[in-house]
S.K.: 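Below: one structure in structure tokens.
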Amino acid sequence: MADLFDRFAPLMAQRDALLGDGGINPFQVKMDELLSPTEAMIEGRRTILAGTNNYLGLTFSPEALKAAHDALEACGTGTTGSRVANGTYGSHKDLENALAEFFGKDHAMVFSTGFLANLGILSTLMGPEDYILMDADCHASIYDGVRGSAAQIIRFRHNDAADLEKRLARLEGKPGNKLIVIEGIYSMLGDKAPIAEIVAVKKKFSNVYLLSDEAHSLGVLGRYGRGLPEEAGVEDDVDFIVGTFSKSVGTVGGFCVSNHPQFDVLRLVCRAYVFTASLPPSVVVSATANLKLIKQGGALRARLMRNAEQLHQGLSGLGLKLGSDVSSVIAVVAPDPQTAIAFWRGLIEAGVYVNLALPPATPFGYSLLRASLCAAHTEAQIDQIIDIFADVALRLGMIERPASRRIAAG
Amino acid sequence: MSAPAEIVARLIPILGPFNKTNAPLSAATRFTEDLNFDSLIVMEFVAAVEDAFDISVPLNILPDVATVGELASAIDKILGEGKS
Ligand SMILES: Cc1ncc(COP(=O)(O)O)c(C=O)c1O
């Protein structure tokens, strides 16, 4: 009889072959000590963190720390219950009110993670007669969410409003509602959805709703940080916004906001809301505190974008292939997984942490060194990141010796 | 249910560029076992089929489609629904 785990053997063999005989395992990095939002001790080395999704650097904001300390003292370490049982405290309601106000929507629902928000909303919202039209590059939590839905799931080509239109046209005359699902900024390459075009397509048809996952764009885009819909001026046309507190908000948790008058019924039917414990109050008040900072965070966003420009310019100047235009996510495309792993190890050994992303989790089957910027990165840190990328890329033969740049010895 | 031969005949040339294992192509060809399709290839192949037939193939049906013939039957059904 085969062992339960035998079916993972090919995967393990592939993983072992990829990781080879030695070096740090990119998927088992341990942060031994956090020095700041942008630095940690890893393997005994002071390391610049350039892959944390901590876009605004708010993980140590004094406002959130103070609120969290107070909440810990007052309410303890956890709620030990579901939102619909003993797990809703005043702070959970306050956060939902703050979110609704922040987005200018009537309703907000807080989930325990962004993954659960997508799972809960997407598996519940649409019925058997309905259709979900999702961008092909959507996050795993969206794929898992729609898998639980009774609706027909149709994928359209990534960021291709014309392909979406074609698919909506094919559904014309069929009963049932349609939900378009996109992300504001796509997590792997950092490219934005063409949301104005998508809204224009949406408006050509009836009974079509739009949901945008603003995981990577909340706090990053828009004058007040409300994400891509704000930046593009289409907030009234986005029916549901899903998001997470685990990136620019600097803690953990997820949410969905909407103007739909019946929205609150989802509190009864979203299993991922009902059948899991609510967030600890210390986390909840951290999110509320940082949301306020995000709203006033114009200077942080400007800083983040300057940092993104600096890194993008530096890396593209080296001749490296990048996944998108200037963005808070900057992904270097490596020629193959082996090179990507060697690259990643070169970076970590020189004191830079970025994410390693390999197919099939990546678009186009790319092997990526995925960096995300932080408003708290200094110009000097980014210069150092660029120097270290140059050094490693040169050693791996991915670039010619850059004429203008000093190459670190090694 | 027997696979609609006409649709199978249209599928085979679309499948050509994705046939990295040089497997013989027929209604009985299995995507995973014979053609070594992974999720990325499935995505690209389905997109090519959708373009060729001017249809959307819902993700929901993919788990039940193991062979070219089963895909042809699924397409037949989608084409039929479009007319109703
Ligand atoms: C697009 C997108 N949606 C949802 C999530 C899940 O968020 P969380 O970390 O809160 O579960 C992520 C992050 O992992 C993401 O990138």
Side-chain angles (χ1 to χ4, degrees), chain A residues 7 10-11 14 122-123 126-138 140 142-158 160 162-176 178-181 188 337 357-367, chain B residues 1 4 6-7 10-11 13-23 30-66 68 70-84:
Chain A
R7 66 195 183 87
L11 176 69
Q14 195 190 6
L122 290 167
S123 66
M126 307 303 279
E129 293 270 275
D130 301 330
Y131 297 87
I132 295 178
L133 295 105
M134 62 181 286
D135 187 288
D137 277 6
C138 279
I142 294 176
Y143 270 92
D144 282 8
V146 302
R147 192 181 294 160
S149 169
Q152 294 290 307
I153 312 305
I154 292 167
R155 223 167 14 180
F156 63 92
R157 284 208 170 82
H158 175 56
D160 189 337
D163 189 54
L164 170 65
E165 179 166 1
K166 213 160 61 181
R167 289 164 194 276
L168 278 167
R170 287 180 193 137
L171 296 175
E172 254 191 314
K174 302 214 179 200
K178 288 110 196 169
L179 178 72
I180 303 167
V181 182
M188 283 295 139
L358 299 177
T362 50
F364 310 112
Y366 278 162
S367 299
Chain B
M1 187 170 54
E6 179 201 336
I7 295 179
R10 282 176 70 189
L11 278 175
I14 302 170
L15 204 44
F18 298 93
N19 183 5
K20 300 277 156 55
T21 58
N22 283 321
R30 296 167 302 176
F31 294 110
T32 307
E33 293 84 348
D34 300 330
L35 298 174
N36 252 335
F37 272 23
D38 61 23
S39 56
L40 280 176
I41 301 179
V42 167
M43 187 148 109
E44 285 168 31
F45 171 63
V46 169
V49 169
E50 290 176 321
D51 280 347
F53 287 85
D54 191 24
I55 54 170
S56 293
V57 177
L59 288 189
N60 319 48
I61 65 163
L62 295 183
D64 299 326
V65 171
V68 173
E70 285 165 6
L71 179 60
S73 299
I75 292 170
D76 194 36
K77 198 161 155 253
I78 294 167
L79 290 169
E81 281 167 4
K83 287 188 200 93
S84 63

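Lettering follows sequence order; numbering is per chain, from 1.
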S.K.: With rounding to the nearest 0.5 Å, note down the distance linking CG in A:Asp163 to OG in B:Ser56.
M.R.: 7.5 Å
S.K.: Under a 4.5 Å heavy-atom cutoff, which of B:Asp51, B:Val57, B:Leu40, B:Asp54 has the most pairs with chain A?
M.R.: B:Asp54
S.K.: Is it the case that atom CD in A:Glu172 sees more than 12 heavy atoms from other parts of the structure closer than 6.0 Å?
M.R.: yes
S.K.: What residues of residues 358-367 of chain A make heavy-atom contacts with chain B at a cutoff under 4.5 angstrom?
M.R.: A:Pro359, A:Pro360, A:Thr362, A:Gly365
S.K.: Using heavy-atom distances under 4.5 Å, tell me whether A:Arg167 contacts chain B through its side chain, its backbone, both, or neither.
M.R.: both
S.K.: Quick check: closest heavy atoms across B:Ala48 and A:Arg157, and the distance to 0.1 Å?
M.R.: N-NH2, 4.5 Å
S.K.: Non-hydrogen atoms of chain B under 4.5 Å away: do they reach the side chain of A:Tyr131, the backbone, both or neither?
M.R.: neither
S.K.: Who among A:Gln152, A:Arg170, A:Arg155, A:Met134 has the most heavy-atom pairs with chain B under 4.5 Å?
M.R.: A:Arg170
S.K.: Would you check if B:Glu50 and A:Lys166 make a side-chain contact, meaning some heavy-atom pair closer than 4.5 Å?
M.R.: no
S.K.: Return the CD1 to CD1 distance between B:Ile61 and A:Ile153, rounded to the nearest 0.5 Å.
M.R.: 12.5 Å
